[in-house]
*Asks:* 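Sharing a structure with you now.
The residues of the chain are indexed from 1 along the displayed sequence.
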Amino acid sequence: VVTLSGTFFVEHVKMNSIQNGLSYVCALVAGALTMLIALYSGIMAKYRLRTIYIAVISVFTVIMACGVVVVTEEAFVEAYILSFFVGGTLSIIGAVDWPMFCLLIPVGKEATYRGVYSCVRNLFGFIGRGIYTLVVQETNNHALGFAQVVFWNVCLLVSLYFIDVDKAMK
């Protein structure tokens with residue numbers, strides 16, 4: 001998402017490098033604030049990881065869908081607002097992603113599963129950028145290329161719905 005948003009902001013919104021850098025600052029500030037709220041509100045202790053993860057991915061999907069529609073050429077303020085919300089949600093996703101995956105790992109197999117997790121992320125990390133490039137080359141529509149993030153998140157939500165974390169932990 002970070003790589004795609006940089007391309008999306010520079011090419012679609014027509015940001016220069018300083019303006020694009022400010023969008024990253026917005027994301028970092030929001031991420032730090034979100035983590036502080038998550039740590040000190042006790043939300044991580046009150047709710048199950050799966051519930052938090054599904055809720056945050058749902059919010060993230062809505063934010064990205066709104067971003068595709070709202071962020072147009074020369075829409076700098078909207079891009080900064082999108083960056084702020086994306087940074088906040090990505091911070092929670094990062095905080096919940098690995099711990100939830102760890103719940104599904106059999107005892108004594110942590111290193112193996114960490115290797116598989118890293119390998120899969122590295123091997124398939126190019127898919128989003130590749131699809132974005134193909135869509136933009138064929139249609140010259142950056143918003144459509146960026147919309148694929150929404151599609152991948154919907155796929156993730158469907159798969160999360162069917163994962164029984166309690167059963168996997170046994």
*Asks:* Looking only at heavy atoms, which two atoms of Thr89 and Val56 are closest? And how far apart?
*Replies:*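 Closest approach of Thr89 to Val56: O-CG1, 3.6 Å.
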*Asks:* Would you say CZ of Phe85 has more than 12 non-hydrogen atoms from neighbouring residues, nucleotides or ligands within 6.0 angstrom?
*Replies:*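 Atom CZ in Phe85 is not crowded, with 12 or fewer foreign heavy atoms closer than 6.0 Å.
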*Asks:* Taking the side chain as everything from C-beta on, heavy atoms only, tell me whether Ser58 gets closer than 4.5 Å to Ile54.
*Replies:*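 Side-chain contact under 4.5 Å: yes.
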*Asks:* Locate the shortest heavy-atom distance separating Val135 from Asn141; write the atom from each residue and the value.
*Replies:*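 For Val135 and Asn141, the tightest heavy-atom pair comes out as CG1-O, 4.3 Å.
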*Asks:* Without swapping roles, check the side chain of Thr51 against the backbone of Tyr47 for a donor-acceptor pair under 3.5 Å.
*Replies:*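 It does not hold such a pair.
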*Asks:* Does Gly108 offer a backbone N or O that forms a donor-acceptor pair with the side chain of Glu110 under 3.5 Å?
*Replies:*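 Yes, the answer is positive, given that a donor and an acceptor are paired below the 3.5 Å cut-off.
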*Asks:* Could you pull out the closest heavy-atom pair between Gly88 and Ala30, with the gap in Å?
*Replies:*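 Closest approach of Gly88 to Ala30, heavy atoms only: N-CB, 3.7 Å.
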*Asks:* For a side-chain contact (heavy atoms from CB on, under 4.5 Å) check, start with the C-alpha distance between Trp152 and Leu156, then their side-chain angles and the critical distance, and finish with the verdict.
*Replies:* CA-CA 6 Å; Trp152 291 118; Leu156 175 62; over 6 Å; no
*Asks:* Check whether any side-chain N or O of Arg50 sits under 3.5 Å from a backbone N or O of Tyr161 as a donor-acceptor pair, and report yes or no.
*Replies:*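 It does hold such a pair.
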*Asks:* Is any side-chain heavy atom of Tyr80 closer than 4.5 Å to one of Val25?
*Replies:*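 They are not in contact (no side-chain heavy atoms under 4.5 Å apart), so the answer is no.
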*Asks:* Might you confirm whether atom CZ of Phe101 has over 12 heavy atoms from other residues, nucleotides or ligands at distances under 6.0 Å?
*Replies:*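 It does: Phe101 CZ has more than 12 such atoms within range.
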*Asks:* Decide if atom CG of Leu123 counts as having more than 12 heavy atoms of other residues, nucleotides or ligands within a radius under 6.0 Å.
*Replies:*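 Enclosed.
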*Asks:* Is the shortest side-chain heavy-atom distance between Tyr113 and Pro106 below 4.5 Å?
*Replies:*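 SC-SC contact between Tyr113 and Pro106 confirmed.
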*Asks:* Hey, are the side chains of Thr133 and Gln137 touching, using non-hydrogen atoms and a 4.5 Å cut-off?
*Replies:*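 They are in side-chain contact.
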*Asks:* Within the distance-only criterion (no hydrogens, no angle test), does the side chain of Ser118 pair as donor or acceptor with the backbone N or O of Gly115 below 3.5 angstrom?
*Replies:*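 Side chain of Ser118 to backbone of Gly115: no pair is present.
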